[in-house]
Amino acid sequence: MSCAEAGRIHTGDEVAQDLERTCDVCVVGSGAGGAVLAHALVERGLCVVMLEEGGYHTRREFDMREDHAFPRLYQDLGNRATDDLSLTMLQGRSVGGGTTVNWCVCYRTPPKVLALWRDVHGAEGLSEEALAPHWDWLEQRLHIAEWPIAAANRNNRLLWDGLGALGYERHSLKRNVQRCVNSGYCGMGCPVDAKQGMLVTLIPEAVERGLTVFANARVLRLETRGRRVEAVHAQLLDPETDRPTGRRLTVRARVTALCAGAINSPALLLRSGLDGGGRVGRRTFLHPGIVSAALFEEPVNAWYGAPMSVGSRQFAERGDDRLGYLMETPPVHPMLGAIALGGFGLAHQEAMEQLAHVQAALVITRDGVVEGDEGGTVALREGGRRLSIQYPLRAHHWEALRHAQVELARVQLAAGAREVRSLHARPVVVRRAEDLPLLERAPWEALRVKVFSAHQMGGCAMGGDPARSVVDSRLRYHGLDNLFVADGSVFPTSVGVNPQQSIFGLARWGAQHVAAAVGA
Amino acid sequence: MLPLTELPPAAAAGIPRRRFLQGGLLGGALLALGGGALALGGGALALRSTRLVPVPPEGLRVLTPGQYAVVDAFVRRMAPPRPGFPPHEVVRTALNADRILAATEAGAQEDFRRLLDLFESALAGLLLTGRTTPFTRLSPEAQDAVIADWRDSGLALRRTGFQALRALAAGAYYGSPRVWPAVGYPGPPAALHDPAAPVWKGGGAPRPGGGLGGGP
Ligand SMILES: Cc1cc2nc3c(=O)[nH]c(=O)nc-3n(C[C@H](O)[C@H](O)[C@H](O)COP(=O)(O)OP(=O)(O)OC[C@H]3O[C@@H](n4cnc5c(N)ncnc54)[C@H](O)[C@@H]3O)c2cc1C
């Protein structure tokens, strides 16, 4: 069945009555996984309907204000967190998902990680050779290229300098941008459409070829009978208030692909009574990380310029029983900066006054690879609508975060920082290398220091053994014939690098299996 | 006084739960404690009431006037008067907080309201630390001490409460462009954003050209 008409993007306010649609494939979610998958399926001539809970926000609305961007473009207004608030998560929620707000860094999946997924988790097919053609295509199509160090903003340049001064490994990162103006507002939606996220690349292209997108369409439940998904049930939301309009949308598709991201895909399965034998929502990985704030004499103005363009693999591998981590940089803007920086009252204001002089560096830890690291869990709270996210930070996480904090401070001091502050509720301040042990002695404990994640993965682990995984090596949900999952949730561990390109590659590779299930 | 602050969370979680206390923004145990204390507060141990502040003319969407007063008092300590910083009343921080909460899920709103009640409650204060005055009626110094107490508590659930309140207050204050000058932020570069940019929805219409710019 190919689509009879040209595709269209519908928003919740345009739907005046309950609707029902039939199609070949229903794709739930429009982020890194969903958009790439839908595009590849439409390319094959299939009729695809995509449902996205978030709104259709475009550069017309991207006014670069935090107080506008977070409520519109992020899950839970940017406040998504574990139940105890010990770990804050940034996660996208609009057409384009995380790719509309992410910081553009692109990495191919490390071969070692693919080998781990194959050898330990039995995920067949995701080899470097199988993925390479897809990555090549994506790199060309999304203009993925190295950001020259000469174009780095001062925030990144200082990380580069500090790494260099210590002789640490450093490299410039690849970004998916075209005609980028180096504004620094990637996280609030690119105001000039330079970011080659799904919002401006594969989604519109797929719409031109027949893809139908419903934005403000929250999927509540998959209806199953026997071994099949019979219908996808969604409610439409008012784009202004994000509250249900009362209108329902039912999609009857030959195949359904769940691409709602690594917190919501497992949640949606659970809401549909599909718990994968208790494994759905388990093995959630977050790359938990910390940020270190350094003060420099000269202004850094870390709010301007490509936010993340320098990285270090110096501590990526720390032995089998320790979590390795990558060093990178986040942007700094007042609202998120205020929430992140520790201190209270006067002390906090004093820190905020110096915001222009703050250089921020972060680490992402490669969770899930240490023996016995099962990550966190996503579950439903009583009543079913609300999520429960738990991620117990264990000794090995704290060991890595503590180590990382010391190393970040060392790098920042080497770059000439006047002082370095941890993001503890009571910040630890160091001014000289001799002070670094203060950071080690700080309380490394939940809710005494900020821990962040912008990389959610897992929850619907892919693998060979149905007793240990949720989807098989073709991304098909064990036990159902026409349900696939294609997003970051199928990673059996964290990917250990910024994940978007891995998810793009996975979805483009997985499209062949989804297409095969509709006989294409 | 019963040293509840010394209890490990697991022990505190043994306190009987009520339906509304299960899970939630703050987990069950702390709120169970607060809920019990508040229930008692209606009786013999009722102490002094919240010191109210005027409710904005626009009205509140989530908070009660009492809860609004607690947010207002907390924000005052988070962003006390300081040269260069706009007063929190001018930023309308507590109103902003109400509006932020209005956009969150109903369950999260409920949790937050309970947290505010607990934070304010003299009885919870009495159980936790021996304080017998509602938060809003304390001196600024005593308020700071209460806040620090929650921040540094041995009970993780109180630290959760502190983090929740602090994030709300920080977001509601520093999210306002009025505060940009105080932190030396010049704001987004002018002229990048085009509020009249066309919105393409397909349906056979030609797609307008992509981005501007000319960087690397
Ligand atoms: C601030 C930020 C910066 C980042 N920076 C980088 C970076 O530089 N490089 C990098 O590689 N990665 C980065 N990431 C991470 C990256 O964007 C994500 O890993 C990636 O987008 C995840 O892809 P996904 O398809 O799994 O989910 P998503 O992209 O999150 O897409 C899922 C979509 O499904 C929708 N959805 C959820 N539930 C439902 C439902 N019930 N019904 C309908 N729709 C639903 C969501 O609203 C969302 O739009 C960043 C993320 C953030 C938030």
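All figures in this text were calculated on a predicted structure; none of them were measured in a lab. Here is how names work: the chains are called A, B, and so on, in the same order as the sequence lines, proteins then strands, and each is numbered from 1.
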Heaviest contributor of heavy-atom pairs below 4.5 Å to chain B, chosen from A:Gly78, A:Ala145, A:Gly345, A:Gly210, is A:Gly345
Measuring from B:Phe162:CZ to A:Arg448:CZ, what's the distance to the nearest 0.5 Å?
-> 11.5 Å
Chain B contact via A:Asp242 - which portion, at a heavy-atom distance below 4.5 Å = neither
Decide, yes or no, whether a salt bridge links B:Glu110 with A:Arg386 under the criterion of side-chain N to carboxylate O below 4.0 Å.
-> no
B:Pro198 side chain near A:Arg59 side chain, heavy-atom distance below 4.5 Å | yes
Point-to-point distance, once rounded to the nearest 0.5 Å, from CG of B:Asp194 to CG of A:Asp63 = 12.0 Å
Where does A:Lys195 contact chain B at under 4.5 Å (heavy atoms): side chain, backbone, both or neither?
-> neither
For A:Leu341, is it the side chain, the backbone, both, or neither that has a heavy atom closer than 4.5 Å to a heavy atom of chain B?
-> backbone
Interface moiety of B:Ala205 toward chain A, non-hydrogen atoms closer than 4.5 Å = neither
When the 4.5 angstrom heavy-atom criterion is applied to B:Pro186 and chain A, the contacting part is both
The reported gap from CZ in A:Phe344 to CZ in B:Arg77 (rounded to nearest 0.5 angstrom) is 8.0 Å
So which part of B:Leu168 gets closer than 4.5 Å to some heavy atom of chain A, the side chain, the backbone, both or neither?
-> neither
Kindly compute the distance separating OH (A:Tyr185) from NE2 (B:His193), expressed to the nearest 0.5 Å.
-> 13.0 Å
Where on A:Ser388 is there a heavy atom nearer than 4.5 Å to chain B: the side chain, the backbone, both, or neither?
-> neither
Atom group of B:Asp152 that falls short of 4.5 Å from chain A, counting heavy atoms | both
Is the closest side-chain heavy-atom distance between B:Tyr173 and A:Met352 below 4.5 Å?
-> no
Answer with side chain, backbone, both or neither: which region of A:Glu61 has an atom nearer than 4.5 Å to a non-hydrogen atom of chain B?
-> backbone
Per-residue contact mode, A:Pro71 against chain B (heavy atom under 4.5 angstrom) | neither
Counting only heavy atoms closer than 4.5 Å, note whether A:Glu205 contacts chain B via side chain, backbone, both or neither.
-> both
Value rounded to 0.5 Å, distance of OG1 in B:Thr104 from CG in A:Asn79 | 8.5 Å
Could you tell me which portion of A:Leu346 (side chain, backbone, both or neither) has an atom closer than 4.5 angstrom to a non-hydrogen atom of chain B?
-> both
Below 4.5 Å from any heavy atom of chain B, which atoms of A:His333 appear? Answer side chain, backbone, both or neither.
-> side chain
Verify, without hydrogens or angle tests, whether B:Arg159 (side chain) and A:Ala446 (backbone) share a donor-acceptor contact under 3.5 angstrom.
-> yes
Between B:Tyr174 and A:His348, is the gap from one ring center to the other below 6.0 Å?
-> yes
Measure B:Ala103 against the heavy atoms of chain A and call it side chain, backbone, both or neither at under 4.5 Å.
-> both
Highest number of heavy-atom pairs under 4.5 Å with chain A: which of B:Gln163, B:Arg76, B:Arg207, B:Glu105?
-> B:Arg207
Side chain to side chain, B:Leu157 and A:Asp84, heavy atoms closer than 4.5 Å | no
Say whether, by atom type as modelled, one donor and one acceptor occur between the side chain of A:Arg8 and the main chain of B:Gly202 under 3.5 angstrom.
-> no
If we only count heavy atoms from C-beta on, is the B:Ser176 to A:Met335 side-chain gap below 4.5 Å?
-> no
CZ of B:Arg166 to CG of A:Leu85: how many Å apart, nearest 0.5 Å?
-> 13.0 Å
Quick one: are A:Arg60 and B:Pro195 in side-chain contact, heavy atoms under 4.5 Å?
-> no
If you count heavy-atom pairs under 4.5 Å with chain A, which of B:Gly184, B:Ala196, B:Pro80 comes out on top?
-> B:Pro80
Contact part of B:Trp180 toward chain A, heavy-atom cut-off under 4.5 Å: side chain, backbone, both or neither?
-> side chain
Should the pair B:Arg99-A:Asp67 be classified as a salt bridge under the 4.0 Å nitrogen-to-oxygen rule?
-> no
With only heavy atoms counted, which part of A:Glu350 is less than 4.5 Å from chain B, the side chain, the backbone, both or neither?
-> both
Just say parallel, tilted or perpendicular for the rings of B:Tyr185 and A:Tyr304, cut-offs at 30° and 60°.
-> tilted
Side chain A:Gln349, main chain B:Arg82, donor-acceptor under 3.5 Å | no
